[in-house]
Protein chains: 2
Amino acid sequence: MRPDVQPELHSEPQPEWRAGPRRQPHAQSRSSEPAGPARPAAEGLSIAGVARQAGVSVATVSRVLNAHENVRPATRDKVLAAIDASGYRVNELARNLRTAESRLLLTMVPDFGNPFYAEIVRGIDSVARQHGYFMLLCDTGADAGRERSYFDLLRRRRADGAICLDPATIQQALGEASSALPWVACCEFEPSMGVPYVGIDNYRAAGDAVRHLLARGHRRIALINSDIDYLYARQRQQGYLDALTEAGITPLEDWRMNLNSLDYEAGASAAAVLMEPSHPKNAAPTAIFAVSDTLATGVLHGLRSIGKRVPDDIAVVGFDDISIASQVDPPLTTIAQPMRELGETAARLLLQRLANPLASVPGVLLPHRLVIRGST
Amino acid sequence: MRPDVQPELHSEPQPEWRAGPRRQPHAQSRSSEPAGPARPAAEGLSIAGVARQAGVSVATVSRVLNAHENVRPATRDKVLAAIDASGYRVNELARNLRTAESRLLLTMVPDFGNPFYAEIVRGIDSVARQHGYFMLLCDTGADAGRERSYFDLLRRRRADGAICLDPATIQQALGEASSALPWVACCEFEPSMGVPYVGIDNYRAAGDAVRHLLARGHRRIALINSDIDYLYARQRQQGYLDALTEAGITPLEDWRMNLNSLDYEAGASAAAVLMEPSHPKNAAPTAIFAVSDTLATGVLHGLRSIGKRVPDDIAVVGFDDISIASQVDPPLTTIAQPMRELGETAARLLLQRLANPLASVPGVLLPHRLVIRGST
DNA sequence: GTGAAAGCGCTAACAG
DNA sequence: CTGTTAGCGCTTTCAC
């Protein structure tokens with residue numbers, strides 16, 4: 001019903017952490033601490049110290065800190081002065097223990113070397129910050145153990161919620177009854193497992209890529225896919241197979257490769273393998289559909305090194321439309337994912353879930369788009 | 001003196017967060033909670049609840065949780081059983097408040113879309129994890145306000161330490177007397193400001209790149225640099241200028257460009273500008289040295305689009321040796337930075353600083369390497 | 001308006 | 001070996 005999620009308090013966009021009115025006064029603190037020389041500015045200073053210096057109670061300091069109404073201006077100023085003078089900073093640990101929230105959101109990616117995640121993460125980050133949350137990124141390395149330990153951060157209340165872009169986690173998560181945890185899946189998800197998710201229609205997207213190649217006259221189309229354990233890999237494979245079948249083509253098993261990496265190198269060597277002359281003459285693919293632009297970029301490199309020209313000898317289609325896609329030679333035809341929106345939506349779903357843990361949050365599919373460039 | 005840093009306790013590599021002996025017993029918890037149906041497994045359960053269920057005191061539970069010695073096996077088993085049955089998880093917030101440490105390390109990058117940071121961050125992450133710390137990544141977007149708020153996470157004890165790869169922060173930080181905060185600088189640093197740092201010798205590295213071009217016979221060498229506010233930009237520019245001068249060449253002002261972005265696109269358009277026919281015939285550069293591989297990759301694309309061939313018409317040298325460098329056409333000659341080691345060293349310096357806040361931690365410079373590929 | 005006091009969930013003495 | 005107890009620094013009734 002609500003046009004946007006408004007977690008309890010903190011509804012206005014605030015650039016800084018809980019930076020209510022109370023921050024203004026001591027911005028630009030001239031660090032006028034009376035302490036010794038190299039003394040780490042007001043190390044173990046607590047609210048009690050400030051209270052003493054200001055000649056008030058801790059309750060009053062707390063009220064000032066939290067911009068509560070019932071404080072006389074004079075008192076407030078006294079407190080502010082004491083805070084300023086002492087260089088006091090709230091111990092967020094204590095505050096969080098009291099309020100039982102950390103205002104931290106976690107985003108887990110399987111590999112932050114993959115540029116695909118960058119824009120998604122930016123989308124998450126911007127929405128989170130708008131709602132007074134910090135977003136912190138973790139690299140799971142697609143490792144179940146590490147994933148689990150990050151989920152533990154959630155269980156142990158060190159973060160309020162999480163967004164997981166990591167396929168492997170999904171499987172892990174399943175066994176952990178983690179659907180009770182405040183997290184959402186992004187890009188890779190299992191619709192059946194009761195966790196809110198956002199992604200694209202991988203089946204249709206793959207079909208679109210293949211149909212584009214078909215329209216260009218290709219009939220022997222190869223698929224360079226990632227590990228078939230991933231849901232998106234299965235969906236894209238099915239889209240590829242069905243598109244071919246619908247065109248009256250029987251997909252050859254030899255045209256398909258499954259890689260356990262999305263690195264450029266993986267794509268390069270896969271291309272070389274695919275083009276091996278061991279293939280029956282009339283069965284060698286004339287086009288390659290790779291399920292990620294990183295892979296496709298590698299494919300371009302691999303084809304180049306075995307003397308094949310793109311798109312004359314062989315066409316290439318990628319997936320994602322990351323920024324490198326338009327820079328390589330030839331620029332990649334690819335399926336664009338709305339990365340920014342994917343991230344923003346994921347963040348919004350999570351915020352929604354935090355605001356109302358009971359409401360069932362829907363899964364959402366965002367539109368993709370075929371971007372035609374020089375590689376086809 | 002010490003071969004390696006060993007923060008107080010937690011010295012052995014532990015794959016999971018404080019995952020002492022206590023974890024084993026309840027791995028694979030069969031989630032046998034007696035609670036209602038959709039009840040979020042043991043939401044607000046505390047150590048006291050476990051103690052009650054196990055018929056022991058909270059102290060004993062705490063001991064079991066922390067794998068202390070003095071607990072009779074029978075008692076320990078009782079507690080473990082209660083923990084297992086209830087699905088209890090430590091509230092890390094409370095624990096941290098008590099122990100006054102969060103076991104969290106922050107890494108700030110100006111832009112996690114830049115692949116240069118990926119390997120560095122992995123290096124940090126692996127060292128951090130080996131020492132029982134979590135590493136969380138923040139994107140400052142090269143924005144001073146955001147940088148400041150992340151530093152606040154430190155001040156407010158939400159993280160134990162930070163590694164900053166963000167040039168802009170350095171300036172910000174200076175004004176904040178933040179040299180007292182537990183952080184180290186990586187890649188971009190101000191040696192004079194008393195913050196431990198790790199990086200490379202940018203001056204020599206740039207010189208090496210230019211000397212390589214000189215050796216190839218080039219005399220009109222352009223420099224595509226980032227914003228000169230950055231220390232590394234100034235250092236590399238100086239290395240470039242001096243190398244040219246030493247070779248008896250007077251560097252032309254027209255050969256130098258300063259960009260406020262490291263994106264591919266920025267490199268592409270810079271290349272186009274640089275090659276404009278407005279240049280006097282005999283002054284057009286025959287080689288371009290770009291201060292990052294992303295820029296150089298864009299340059300390749302830009303040159304291609306105006307019909308220039310690399311390296312025949314013009315040579316290109318990049319910087320960093322990120323993974324894309326070897327994939328583009330032609331593969332980039334570049335200055336390789338030891339990214340992994342940079343990250344690992346930064347993490348070690350930070351850990352050292354945390355273990356002994358008083359000891360002065362040195363700045364360290366790591367070796368770079370010229371990698372010659374097809375673009376020259 | 002302001003203060004006193006009770007915890008948030010945990011760890012660490014200190015007793016027994 | 002195990003239990004009791006005193007806080008960690010903060011927020012929040014509830015009085016005054």
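Per chain, numbering begins at 1; letters A, B, ... match sequence-line order.
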Could you tell me the separation between the NZ atom of A/Lys78 and the C1' atom of C/dG1, rounded to a whole number of Å? 11 Å

What is the distance from CD of B/Glu101 to P of D/dC8, rounded to the nearest Å? 17 Å

When you match B/Arg98 and B/Pro73 each to their closest nucleotide on DNA chain D, which lands nearer the 5' end? B/Pro73

With a 4.5 Å cut-off on side-chain heavy atoms, are A/Val56 and A/Thr75 touching? yes

In this structure, how many angstroms lie between the P atom of D/dC10 and the NE2 atom of A/His68, rounded? 14 Å

Nearest to the B/Thr75 side chain among D/dT2, D/dT12, C/dG1, which nucleotide is it? D/dT2

Has B/Arg72 got a side-chain N or O lying under 4.0 Å from the OP1 or OP2 atom of D/dT2? yes

D/dG3 phosphate, OP1 or OP2: any side-chain N/O from B/Ser57 under 4.0 angstrom? yes

Given D/dT2, D/dT12, C/dG3, identify the nucleotide with an atom nearest to the side chain of A/Ser62. D/dT12

Nucleotide nearest A/Val56 (side chain, heavy atoms from C-beta), chosen from C/dG3, D/dG3, C/dG9: C/dG3

Checking side-chain hydrogen bond (donor to acceptor under 3.5 Å, both in side chains) for the pair B/Asn91/A/Arg158: CA distance, chi angles, key distance, verdict? CA-CA 8 Å; B/Asn91 179 330; A/Arg158 313 228 14 204; over 6 Å; no

Under 4.0 Å, counting only non-hydrogen atoms across every strand here, what does B/Asn91 touch: a base, just sugar-phosphate, or nothing? sugar-phosphate

Gap between atoms CG and P, on A/Asn70 and D/dT11 respectively (whole Å): 16 Å

Results of salt bridge (charged side-chain N to carboxylate O under 4.0 Å, His left out) for B/Arg122 - residues two or more places apart only: A/Asp111, B/Glu119

The side chain of A/Ala94 is closest to which nucleotide in this list: D/dG9, C/dG3, C/dA13? D/dG9

Testing the 3.5 Å rule here: is there a donor-acceptor pair between the side chains of A/Asn96 and B/Arg156? no

Among C/dG9, D/dT11, C/dA12, find the nucleotide with the atom closest to the side chain of B/Ala59. C/dA12

Do A/Glu69 and A/Arg63 have side-chain heavy atoms sitting under 4.5 Å apart? no

Can you identify which nucleotide, out of C/dG3, D/dT2, D/dT11, has its nearest atom closest to the A/Asn66 side chain? D/dT11

Between D/dT5, D/dT11, D/dC10, which nucleotide has the shortest distance from any of its atoms to the side chain of A/Val58? D/dT11

Tell me: CD1 of A/Ile47 to C1' of C/dA4, nearest whole Å? 14 Å

Which label fits A/Tyr150 and B/Phe134: parallel for a plane angle under 30°, tilted from 30 to 60°, or perpendicular past 60°? tilted

Nearest whole angstrom, please: distance from the P of D/dC10 to the CZ of B/Arg158. 13 Å

Return the value, rounded to whole Å, for the distance between atom CG of B/Leu93 and atom P of D/dC10. 13 Å

How many whole angstroms separate atom CG of A/Asn96 from atom P of C/dG7? 21 Å

Check: D/dG9 base within 3.5 Å donor-acceptor of B/Arg157 side chain: no

Checking contacts here: which listed nucleotide (C/dC14, C/dT2, C/dC10) is nearest the side-chain heavy atoms of B/Arg95? C/dC10

